[in-house]
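Structure record follows, encoded as structure tokens.
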Amino acid sequence: MDGNDHHLFLRAAMTKDISLLLQDPSLSAALKAIAQKVMDNKRISFDEGVFLFEHGTLAFVGTLANFIRERKNGDRTFFNRNFHIEPTNLCVYDCKFCSYSRLIKQRSDADAWAFTMEDMLNIVYKYDGQPVTEVHIVGGVLPQYDLPFYQEFFKKIKQHRPDLHVKALTPVEYHYIFKKAKVSYEEGMKLIKEAGCDSLPGGGAEIFHPEIREQIAADKCDGDQWLRIHEIWHELGMRSNATMLYGHIERWEHRVDHMERLRQLQDKTGGFQTFIPLKFRNQENQMSHIAESTAIEDLRNYAISRIYLDNFDHIKTYWPMIGRTTAQLSLAFGVDDMDGTIDDTTKIYAMAGSEEQHPALTTQQLVDMIRRVGRRPIERDTLYNVVQDFTDVEFAEDKEFRGYFELPVL
Ligand code: SF4
């Protein structure tokens, strides 16, 4: 790409006129065809998805992704006020990428924990009177955390605080606890709904393709089972999210295959709300010899996700995993959701080597981060109902907070 072509990309980005890209003489016919499809609001194919990973520069995919992001959500950038409960980091499984879990035989290690029901309810009570709207519950898989245990836990949360949205457990846990309870997925998901679970987070998806899944997460539910549990949940009229763990041993086609399966299920049910790419972090796990992806690759991945998943309303960055500054940057590469305040209640990515060792942001800090890159901060609830538009809300200056940077507003 020469100087003139850069100029075209910049002009396309600044004027939001992506048809300018079609004038770039150095852009291949295949990339121009993809740009044309994006302009025409048409779906790109599997092969075009792989082609974008192989040949799409950050400038090209970013320009298209930002165009789609603004067509769908304008400048709005969503966040919520939430906290996490991680019942245990002991686990019967041994996923190769996992830095968080400890095997049952390591239960006496200093960094292993297994909360009682009372411990977990005390975490919920700690937020009494605070304006959080969601509790996110996910952790390791252990026999004692079975179906009756979680039914009771969800019921107790709802009895105490009916308005708190319970976003709980992934198909990895559900597959295990339903099998142990000898109930079908259909029966099990109905029981979970009746107990008070409001939605499913997106975890446990990793990479669906068996060629990769069998190497990194052999024993837990497979890709089809993960998708089937979400499908049943959607058929019950409920919503969920989806993730993809990228940047380890998978190839481009595995990422596109993963997104293709999600896109097909979304066509069928419409039950997914947001897609959350999760970066593989390499500290203290069995894949530590694999280098982590670069920030440029992370941004390209967000952008191509935004282009490929045309039937997903939102793409979310999980800032405790990627760091605050890359999370801010991602808002120009297709992302429109920054997840939540979190309040230092998750250890999953801190233990994997993320720069966020105590992930917590105040509402003011999240709002400030979003504004500094020229976007409108909107507090949402879990189902994307607007709780408060913070675009013009004024705060006193937070002199202590230095966890962000400023981008020129495009
Ligand atoms: S990723 Fe989940 S299922 Fe796998 S070992 Fe870690 S906690 Fe267990």
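Computed from a prediction, not measured in an experiment: that's the story for all the values here. Counting convention: from 1, in listed order, for ligands and their atoms alike.
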* Those atoms of ligand 1 less than 4.0 Å from some heavy atom in F97 ->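 By the 4.0 Å cutoff, the relevant atoms are 1 (S).
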* Asked: Is the shortest side-chain N to carboxylate O distance from E260 to R263 below 4.0 Å?
  ->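 So E260 pairs with R263 through a salt bridge.
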* Assign the ring pair H248 / F280 to parallel, tilted or perpendicular, where the plane angle (0 to 90°) is split at 30° and 60°. =>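 H248 and F280: perpendicular rings.
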* To do: Could you check whether the rings of F78 and Y384 sit parallel, tilted or perpendicular, using 30° and 60° as the cut-offs?
  =>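 F78 vs Y384 ring planes: perpendicular.
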* Taking all heavy atoms of F154 and all of A168, pick out the closest pair and write down the distance. =>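 Heavy atoms only, the tightest pair is CZ-CB, 3.5 Å.
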* To do: Return the minimal non-hydrogen interatomic distance between A217 and F97, and the atom names on each side.
  =>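 Closest pair (atom of A217, atom of F97, distance): CB-CE2, 4.2 Å.
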* **N282 (side chain) donor-acceptor with I290 (main chain) under 3.5 angstrom** =>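 Looks like yes, one N/O pair under 3.5 Å.
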* Asked: Sorted by chain and residue number, which protein N/O/S atoms are under 2.8 Å from atom 8 (Fe) of ligand 1?
  ->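 Metal shell, protein only: C91 SG.
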